[in-house]
K.L.:
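Take a look at this one; I'll ask things after.
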Amino acid sequence: MIKKIPFQLTDFDDPVLDVVLQLLLEGGLSDVACTSPVSVIRCLSSLCNSCDNNGVLAGRWTKEYPKDCTVPWKWTGSVAIIKEYHTNGNKPVRYGQCWVFSGLLTTMCRCLGIPTRSVTNFDSAHDTDSSMTIDSHWDEDGEPLEDMNDSVWNFHVWNESWFRRLDLPEGNDGWQAHDATPQEASEGIMRCGPAPLTAIKEGHVYLNFDIPFVFGEVNGDRVQWVVKKDGTMEVSQIDHSAVGHYISTKRMGSNDREDVTNLYKYPDGSEQERRVAKFVNRYSTRRKQNIYKLDTTKVLNFTVSPPDNTLIGDDMEIKVAVKNTADGPLKLHLTVSLVNAYYTGVAGSRVKTQTFEETIKAKDEKIVTMPVKGTEYHDGMNPEGRFQLYISGKNIDSGSMESTQISFVLKKPQLVIQVPQTIEAKEETEATIVFKNTTQLVLTQAEIAVEGSGLLAPQTIDISSPIKPGDEVKKTVVLRPRKPYYWGRELIATFTSKQIVDIETSADIKVIRQNKDNDSDSD
C-alpha cells in the first residue's frame, strides 16, 4: 500500500532565501557558475547534507538517537530546519533521512526559481560497487549473507528539476534527477546528479552526472549469488523486475499521486528494457562474469503472505507458498529467516530462522508456516516496525538453490486531527490531535509534532506520562491563519515514541475571509 507522507514545502518564508544564497557563496560558486542550474544543483545537493563543509542537515539511520536532537520522522516541513540552521550559527541540524533531504532541497531550489519536485521510488536499490546490478549473497546452506549485499530501500525519495542541459548532447533537456541524501560520493563529495531522465531510461551511463547510480536504483537486475566455502561465487538466478516500482510524485494542483515510472525506464521485461540492461552491463564492474550468458532458469516460485495487517507488538504468522514448476518431483531444504530491518534495506538483528524438509510433486505447491510471537521480536525491534524476510530453497539432489526476499511493515495505531473543514482568517480556531494506543505495548518518550503553513508555527508537544495499552491522548493547538487562502492550507501532525515511530496524519483546511473583514488580501 502506498501512503502519503505530508511535508510542508514553504519556499519564501524567512530566512529561506537568505540561507540559500549564503550556501551558494560558501559553496564557492562564482557569478558565472550561479547562472548554470547544473552547478547550482550540484552545490546545493552537497550542502543540504553535512558530510562535507558542514551543510544544513545531518543524516542518521539508527535504532537509537541522542536525546538532544530531532528524529527524522518528527520533521513536518523544511522551514523549521532552515530556521534552526540559521539561528544556531550555521551548524548542521540533527537529523534527517531521505524524504527530509528531498523536501529541504525542493524548498531551496524553488526559492531560486528552479522548477523542482520530490520523487519517490519504491523498492529503490543502492548499488555499492558500480556493477549496476543489485547483488544478494547466500551461503551453500541457504543462509543470507547480509553484510555482502547491496541494499534495496523500501522507498527512497530524491528530486527532479526541469532545465536545459547545455553541457550534454541534444535530447537530454527536461527533468533531471538529483539527490541530497548522502549515499555515494560524486567527484569526491556526497551528492548525486543532476542526471537526465532520458539518459537513465536509455542507459547512457557514460554521461554526466551519476547516471550509473540512478540507473541501478530504478532498473538494476537483482542477481542472487551463491558463495561457496572456498570463496568463489556463482549466479543462481536473475530477477529483471525487483526494483524501481511505482515511481511517484505529487500531481500538480492536487494531492493525488502521479506515476512517472515510464520516464525512468521501459516496462520491465520488455524488449527495449532488456536491450538497455544488456548495454549497461558493458560498463559494469562485474562485466567479466557474463551473467546474461548463463542459464538461470527458475523452477521454484515463492509466494509470500506477509503479516502486514498484524498490529505492531502482536503475534504474527508468516506463510510461504512454494511451487515446483519442474516436470519432476523436487526434494527441498527450505530456509525462512526473519530479521529486523530499516527502510533502507539494511538488516538488523536476527529474529528467527526455521528450516523445512519438503518433497513437492511436479507442478504442485506446498505452504510452509513460521509463527513468530510478539515476545520474540519486541526487544530488538526497530521502532519503524519493519522486517526483512529471506527465503531460500535448496535442491537436495542437485545442490542448486533459488531464493527471494521481501520486506514488510506491521500495522500501527492511527493519529487523528479533529478540526473544522472551514475556518475564518484572523480568527483563532482550536484543532485537537487524538492518539489511541491500540497495541499491547507501553509507549514512552512520546511526542506529537504539528505544523501548518499559514496556520501555526511548527511546535512539539511532549507527552510526559507513559501511554498504556488502551489509553487515549488528546492535545489541542490553536490555529491563527493570517489571511484567507483560496487553495486552502494543510495541517500536519506526527506521533513518535521510543517504541513506535512514523505515524502521521494531515487535514486540509479551507481558510475564508471574515464576514466583517473587507481586506482583499488572499492567495
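Any value given below was found using the heavy atoms of this structure, including those in side chains, with hydrogens, waters and symmetry copies removed. Given the structure is predicted, the values throughout are model-derived calculations rather than measurements.
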K.L.:
Just verifying a value: how many Å separate Ser78 OG and Phe101 CZ, rounded to the nearest 0.5 Å?
P.N.:
13.0 Å
K.L.:
Measure the shortest side-chain to side-chain distance between Asp139 and Val227 over non-hydrogen atoms and say whether it is less than 4.5 angstrom.
P.N.:
no
K.L.:
Ring pair (Phe, Tyr, Trp, His ring centres under 6.0 Å) with His178: which residues, sequence neighbours excluded?
P.N.:
none
K.L.:
Report yes if the side chains of Val16 and Asp11 come closer than 4.5 Å at any heavy-atom pair, otherwise no.
P.N.:
no
K.L.:
Flag the pair Pro66 / Arg94 as yes when at least one side-chain heavy-atom distance between them is below 4.5 Å, and no otherwise.
P.N.:
yes
K.L.:
Name all residues meeting the salt bridge (Lys or Arg N to Asp or Glu O under 4.0 Å) criterion together with Lys91; count only those two or more places apart in sequence or in a different chain, and write none if there are none.
P.N.:
none
K.L.:
Within the structure provided, determine whether Val320 and Ile367 are in side-chain contact (heavy-atom separation under 4.5 Å).
P.N.:
no
K.L.:
Within this structure, what is the OG1-NZ distance for the pair Thr369 and Lys319, rounded to the nearest 0.5 Å?
P.N.:
3.5 Å
K.L.:
Partners of Thr198 by side chain to side chain contact (heavy atoms under 4.5 Å, CB included), sequence neighbours excluded?
P.N.:
Asn172, Pro196
K.L.:
Measure across Ile82 and Met108 and return the closest heavy-atom pair with its distance rounded to 0.1 Å.
P.N.:
CD1-CG, 4.4 Å
K.L.:
Who passes ring pair (Phe, Tyr, Trp, His ring centres under 6.0 Å) against Phe279, sequence neighbours left out?
P.N.:
Tyr283
K.L.:
Hydrogens and angles aside, do Asp52 and Ser46 bring a side-chain donor and acceptor to less than 3.5 Å of each other?
P.N.:
no
K.L.:
Run the salt-bridge test on Lys228 and Asp230 with the 4.0 Å N-O cut-off and return the result as yes or no.
P.N.:
no
K.L.:
Determine the minimum heavy-atom distance between Cys34 and Val40, stating which atoms define it.
P.N.:
O-CG2, 3.7 Å
K.L.:
Identify whether the distance between the nearest side-chain nitrogen and carboxylate oxygen of Arg274 and Asp221 falls below 4.0 Å.
P.N.:
yes
K.L.:
What is the minimum heavy-atom distance between Leu334 and Gly393, and which atoms define it?
P.N.:
CD2-CA, 3.6 Å
K.L.:
Less than 4.0 Å between a side-chain N and a carboxylate O, is that true for Asp364 and Lys366?
P.N.:
no
K.L.:
Is there side-chain contact between Gln354 and Pro371, with at least one heavy-atom pair below 4.5 Å?
P.N.:
yes
K.L.:
Between CG of Asn219 and OG1 of Thr133, what distance do you get to the nearest 0.5 Å?
P.N.:
12.0 Å
K.L.:
Can you tell me which residue pairs pass the salt bridge (Lys or Arg N to Asp or Glu O under 4.0 Å) test with a partner in residues 103-124, sequence neighbours excluded?
P.N.:
Arg117-Glu160
K.L.:
For the residue pair Ser337 and Pro144, what are the closest heavy atoms and their distance?
P.N.:
OG-CD, 4.2 Å
K.L.:
Given the side-chain rings of Tyr343 and Trp99, with only the six-membered ring counted for Trp, is the space between their centroids under 6.0 Å?
P.N.:
yes
K.L.:
For Asn324, which residues count as a side chain to side chain contact (heavy atoms under 4.5 Å, CB included) partner, sequence neighbours excluded?
P.N.:
Ala326, Leu330, Ile360
K.L.:
Sequence neighbours left out, what passes salt bridge (Lys or Arg N to Asp or Glu O under 4.0 Å) with Arg350? Give chain and number order.
P.N.:
Glu143, Glu146
K.L.:
Identify, with sequence neighbours excluded, every residue that meets ring pair (Phe, Tyr, Trp, His ring centres under 6.0 Å) alongside Phe213.
P.N.:
His126
K.L.:
So that I can tick it off, tell me whether Lys229 and Glu140 are bridged by a salt bridge, with the cut-off set at under 4.0 angstrom between side-chain N and carboxylate O.
P.N.:
yes
K.L.:
What I want to check is whether the side chains of Thr355 and Thr335 have a donor and an acceptor closer together than 3.5 Å.
P.N.:
no
K.L.:
Should the pair Lys250-Asp256 be classified as a salt bridge under the 4.0 Å nitrogen-to-oxygen rule?
P.N.:
no
K.L.:
Please check if any side-chain donor atom of Trp162 sits under 3.5 Å from a side-chain acceptor atom of Gln176, or the reverse.
P.N.:
no
K.L.:
If you draw a 6.0 Å radius around CD in Glu357, do more than 12 non-hydrogen atoms from other residues or ligands fall strictly inside?
P.N.:
yes
K.L.:
Which atom names give the shortest non-hydrogen contact between Arg165 and Phe163, and what distance separates them?
P.N.:
CD-CE1, 3.5 Å
K.L.:
Set out, in order, the CA-CA distance, both residues' side-chain angles and the distance that settles side chain to side chain donor-acceptor pair (under 3.5 Å) for Asn340 and Ser349, then state yes or no.
P.N.:
CA-CA 5 Å; Asn340 289 289; Ser349 59; 2.9 Å; yes
K.L.:
Side chains of Thr344 and Trp61 only: does a donor on one sit below 3.5 Å from an acceptor on the other?
P.N.:
no
K.L.:
Answer whether the closest heavy-atom distance between the side chains of Cys48 and Val56 falls below 4.5 Å.
P.N.:
no
K.L.:
Mind running side-chain contact (heavy atoms from CB on, under 4.5 Å) on Thr70 and Tyr95 for me, showing each step along the way?
P.N.:
CA-CA 6 Å; Thr70 302; Tyr95 289 102; over 6 Å; no
K.L.:
Among all residues two or more places apart in sequence or in another chain, which pass the side chain to side chain contact (heavy atoms under 4.5 Å, CB included) test with Glu26?
P.N.:
Gln22, Leu23, Tyr85, Asn90
K.L.:
Are Phe215 and Tyr264 close enough that their ring centres sit under 6.0 Å apart?
P.N.:
no
K.L.:
Once rounded to the nearest 0.5 Å, what's the spacing between atom CH2 of Trp73 and atom CG of Asp502?
P.N.:
8.0 Å
K.L.:
Give, for atom OG of Ser506 and atom CD1 of Ile492, the distance between the pair rounded to the nearest 0.5 Å.
P.N.:
6.5 Å
K.L.:
Can you name the residues that form a ring pair (Phe, Tyr, Trp, His ring centres under 6.0 Å) with Tyr266, not counting sequence neighbours?
P.N.:
none
K.L.:
Side-chain donor-acceptor pairs under 3.5 Å in residues 404-412, sequence neighbours left out?
P.N.:
| residue | atom | partner | partner atom | Å |
| --- | --- | --- | --- | --- |
| Gln405 | OE1 | Ser136 | OG | 3.3 |
| Ser407 | OG | Asn154 | ND2 | 2.0 |
| Lys412 | NZ | Glu384 | O | 2.9 |
| Lys412 | NZ | Val501 | O | 2.9 |

K.L.:
Just verifying a value: how many Å separate Asp259 CG and Thr261 OG1, rounded to the nearest 0.5 Å?
P.N.:
3.5 Å
K.L.:
List the steps, then state whether side-chain contact (heavy atoms from CB on, under 4.5 Å) holds for Asp179 with Asn159.
P.N.:
CA-CA 6 Å; Asp179 193 350; Asn159 295 89; 5.7 Å; no
K.L.:
Under a 4.5 Å cut-off applied to non-hydrogen side-chain atoms, are Phe7 and Glu504 in contact?
P.N.:
no
K.L.:
Does a side chain donor of either Ser118 or Ser102 reach within less than 3.5 Å of an acceptor in the other side chain?
P.N.:
yes
K.L.:
If you look at every heavy atom in Asn121 and Glu217, which pair is closest and at what distance?
P.N.:
ND2-O, 3.1 Å
K.L.:
Strictly by salt bridge (Lys or Arg N to Asp or Glu O under 4.0 Å), give each pair with a member in residues 195-214 just once, sequence neighbours left out.
P.N.:
Arg42-Asp210, Glu202-Arg275
K.L.:
With a 4.0 Å cut-off on N to O distance, would you call Lys298 and Glu402 a salt bridge?
P.N.:
no
K.L.:
In sequence, state the C-alpha distance, the side-chain angles, and the governing distance for Lys363 and Asp327, and then conclude on salt bridge (Lys or Arg N to Asp or Glu O under 4.0 Å).
P.N.:
CA-CA 7 Å; Lys363 313 300 181 183; Asp327 295 328; 3.4 Å; yes
K.L.:
Any side-chain heavy-atom pair from Leu105 and Thr107 closer than 4.5 angstrom?
P.N.:
no
K.L.:
Let me see the working for Gln224 and Trp138 under side chain to side chain donor-acceptor pair (under 3.5 Å), right down to the final yes or no.
P.N.:
CA-CA 8 Å; Gln224 309 285 357; Trp138 308 74; 2.8 Å; yes
K.L.:
When you check the gap from the basic side-chain N to the acidic O, do Arg286 and Asp129 get nearer than 4.0 Å?
P.N.:
yes
